[in-house]
Visitor: 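Handing you this structure, nothing more for now.
Indexing begins at 1, ligand by ligand and atom by atom, following the structure's order.
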Amino acid sequence: MSAPASASPADSDLVRAARGLPVSRTPVWFMRQAGRSLPEYRELRAGTKMLDACQDPDLITEITLQPVRRHGVDAAIFFSDIVLPLVVAGVDIEIKPGIGPVIADPVRSVADVDALPDLDPAQLGFLETAVRRLVGELGATPLIGFAGAPFTLATYLIEGGPSKEHARTKAFMYAEPEAWSRLLQKLSVSSSTFLRTQVDAGASAVQLFDSWAGVLSAVDYAERVLPHSRAVFDGLGGRDVPRIHFGVGTGELLPLIGDAGADVVGVDWRLPLDEAARRVGPGRSLQGNLDPAVLLADRETVDREVRRVVEQGKAARGHVFNLGHGVLPDTDPGVLTHVTELVHELTSA
Ligand code: 1CP
């Protein structure tokens with residue numbers, strides 16, 4: 001691992017940028033930095049189902065550390081999945097290779113909502129063990145804990161798996177407003193428990209993934225979704241860790257995404273960061289926003305786009321360099337190492 005610039009994760013460039021404090025250089029990490037772009041991940045995962053790997057502290061620790069060692073990124077992201085709290089609570093979910101989470105009995109009625117099992121924090125011993133172990137291994141490099149936001153989790157539960165339009169989800173939201181609100185409330189409690197456990201075991205920052213919130217209008221988001229995402233952050237109480245809030249296609253929602261309780265707003269590649277900074281306002285930092293597809297292009301294009309993102313990121317209170325969404329599986333991991341080094345070089349004082 002490259003020598004970290006700070007002596008403790010609480011004083012790391014990631015945490016400082018998230019709070020809008022001066023940094024030694026712009027911190028870099030990549031959504032989905034652990035996983036299929038790494039041959040060492042594919043080797044380690046061979047023969048183990050995704051959701052079994054997510055409950056094995058040895059595998060979690062090793063997979064989480066792999067990209068930190070290889071790329072010298074400024075943060076680790078805990079290896080897990082947004083559906084894990086539901087799986088632990090007893091919902092029948094499988095993560096199918098090449099597809100994603102598939103739900104055996106989708107939530108389609110009021111009775112289905114009421115029948116969803118609650119997460120018992122006592123079931124999260126493996127999570128605590130893995131986080132503690134990781135924090136010990138990582139030293140001054142911060143660990144980002146994460147959870148899925150209630151809306152994005154609801155899309156999987158209602159659709160039964162990945163979908164593009166999320167039409168059933170929206171239809172349920174309009175047709176059954178009370179059950180919708182109860183569903184999102186239940187999901188906010190389980191995501192909050194999942195985050196709290198990670199922070200109490202030593203995670204230095206958290207990210208709430210509302211990946212699919214961008215399919216909503218601002219009014220629907222504000223009235224039917226935002227209060228539940230805010231409840232996830234509120235569930236952290238006074239825990240003093242920066243909060244990152246991310247979604248895809250959220251250009252029109254950016255001020256609201258910040259209002260839900262974020263220190264850092266994650267931005268996808270659709271909007272330049274200077275414009276995003278204007279929309280989010282002065283009190284929050286930004287994370288993003290290199291298009292993950294750029295990493296499949298030639299080196300000259302990669303370098304040009306990295307420089308552009310770094311330049312436009314200067315308009316924000318603080319900037320955490322990342323992609324606009326997760327690393328694509330075909331990405332050459334060498335390019336991720338190169339991008340990390342380039343951002344560090346461009347921004348070192
Ligand atoms: O077979 C495999 O290797 C499984 C692929 C995989 C991996 C490595 C999935 C299935 N999830 C993960 C890990 C994961 N998921 C992480 C930790 C690793 C890291 O970031 O480095 C995280 C943070 C997630 C979060 C996650 N899961 C999100 C939010 C982030 C995002 O990409 O928007 C979402 C939407 C999921 C659902 C999910 N899980 C897996 C897939 C392929 C999907 C997306 C399916 C879809 O398109 O709806």
Visitor: Under 4.5 Å side-chain heavy-atom separation, chaining through any Ile, Leu, Val, Met, Phe, Trp or Tyr, what else clusters with V199? Say none if it is isolated.
Guide: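 Taking Ile, Leu, Val, Met, Phe, Trp and Tyr as members, V199 shares its hydrophobic cluster with L195, V206, L208, V232, F233, L236, V241.
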Visitor: Please determine if D11 and R16 form a salt bridge, counting it only when a charged side-chain N lies under 4.0 Å from a carboxylate O.
Guide: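 The answer is yes: the pair qualifies as a salt bridge.
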Visitor: Tell me whether S80 reaches ligand 1 (any heavy atom closer than 4.0 angstrom to a ligand atom).
Guide: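 Right, S80 reaches ligand 1.
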Visitor: Only heavy atoms of I77, strictly under 4.0 Å: list the atoms of ligand 1 that pass.
Guide: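 Those qualifying, in numeric order: 19 (C), 20 (O), 21 (O).
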Visitor: Considering only the protein, which heavy-atom contact is closest to atom 8 (C) of ligand 1, and what is its distance?
Guide: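 Heavy-atom neighbour on the protein nearest atom 8 (C) of ligand 1: Y41 OH, 3.6 Å.
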Visitor: Please determine whether a side-chain nitrogen of the Lys or Arg among R108 and E176 lies less than 4.0 Å from a carboxylate oxygen of the Asp or Glu.
Guide: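 Salt bridge flag = no for E176 with R108.
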Visitor: Given F246, W212, Y156, F209, identify the one with the heavy atom nearest to atom 37 (C) of ligand 1.
Guide: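 Going through F246, W212, Y156, F209 one by one, Y156 has the nearest heavy atom to atom 37 (C) of ligand 1.
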Visitor: Measure the distance from atom 22 (C) of ligand 1 to every protein heavy atom, then report the residue, atom name and distance (to 0.1 Å) of the closest one.
Guide: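 Checking every protein heavy atom, the shortest distance to atom 22 (C) of ligand 1 gives F146 CZ, 3.5 Å.
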Visitor: Which atoms of ligand 1 sit under 4.0 Å from any heavy atom of I95?
Guide: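 Numbered from 1, ligand 1 contributes 10 (C).
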Visitor: Which residue and atom name correspond to the protein heavy atom nearest atom 5 (C) of ligand 1, and how close is it?
Guide: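 Of the protein heavy atoms, R36 NE, 3.8 Å lies nearest.
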Visitor: Is it the case that the ring center of F78 lies less than 6.0 angstrom away from the ring center of F146?
Guide: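 No, ring centres 6.0 Å or more apart.
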Visitor: Answer yes or no for F30: is there a heavy-atom contact with ligand 1 below 4.0 Å?
Guide: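 Not so, F30 does not reach ligand 1.
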Visitor: To check your reading of the model: name the closest protein heavy atom to atom 11 (N) of ligand 1, its residue, and the distance in Å.
Guide: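 Ranked first by proximity to atom 11 (N) of ligand 1 is D81 OD1, 2.7 Å.
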Visitor: Going by the atom numbers of ligand 1, which of them fall below 4.0 Å from some non-hydrogen atom of S211?
Guide: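 Numbered from 1, ligand 1 contributes 29 (C), 30 (C), 31 (C), 33 (O), 35 (C).
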Visitor: Looking at side-chain heavy atoms only, is the closest gap between F321 and H319 below 4.5 Å?
Guide: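 They are in contact (side-chain heavy atoms under 4.5 Å apart), so the answer is yes.
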Visitor: Less than 3.5 Å between some nitrogen or oxygen of Q33 and one of ligand 1, yes or no?
Guide: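 The answer is yes, given that Q33 and ligand 1 share an N or O pair closer than 3.5 Å.
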Visitor: Among all the protein's non-hydrogen atoms, which is closest to atom 38 (C) of ligand 1, and how far away is it?
Guide: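 That would be P101 CD, 3.5 Å.
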Visitor: Quick one: do R270 and D291 make a salt bridge, cutoff under 4.0 Å?
Guide: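 No salt bridge links R270 with D291.
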Visitor: Quick test of your reading of the model: are R279 and E275 salt-bridged, counting only N-O distances below 4.0 Å?
Guide: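 Yes.
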Visitor: Please list the nearest protein heavy atom to atom 42 (C) of ligand 1 with its residue and the distance rounded to 0.1 Å.
Guide: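 Here the closest protein heavy atom is G100 CA, 3.8 Å.
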Visitor: Kindly work out whether a path of hydrophobic side-chain contacts (I/L/V/M/F/W/Y, heavy atoms less than 4.5 Å apart) joins L59 to I77.
Guide: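 Shared cluster, yes.
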Visitor: Relative to ligand 1, is V83 under 4.0 angstrom through side chain, backbone, both or neither, heavy atoms considered?
Guide: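 Answer for V83: neither.
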Visitor: From atom 1 (O) of ligand 1, work out which of M50, R42, R45 has a heavy atom at the shortest distance.
Guide: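 The option holding the nearest heavy atom is R45.
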Visitor: Between W180 and V110, is there a side-chain heavy-atom distance shorter than 4.5 Å?
Guide: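 The answer is no, as the side chains (C-beta and beyond) never meet within the 4.5 Å cut-off.
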Visitor: Is a salt bridge present between D220 and R224, judged by a nitrogen-to-oxygen distance below 4.0 Å?
Guide: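 Answer for the salt bridge query: yes.
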Visitor: Mind checking whether Q207 has a heavy atom under 4.0 Å from ligand 1?
Guide: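 No; Q207 lies far enough from ligand 1 that no heavy-atom distance drops under 4.0 Å.
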Visitor: Which of the listed options, K49, H166, R32, H325, holds the heavy atom that is closest to atom 28 (C) of ligand 1?
Guide: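 Closest candidate by heavy-atom distance is R32.
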Visitor: Consider ligand 1: state whether an atom of it lies below 4.0 angstrom from any non-hydrogen atom of T155.
Guide: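 Under 4.0 Å: no for T155.
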Visitor: Aromatic rings F246 and F209: how do their planes relate, parallel, tilted or perpendicular, breaks at 30° and 60°?
Guide: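 Judged by the thresholds at 30° and 60°, the geometry between F246 and F209 is perpendicular.
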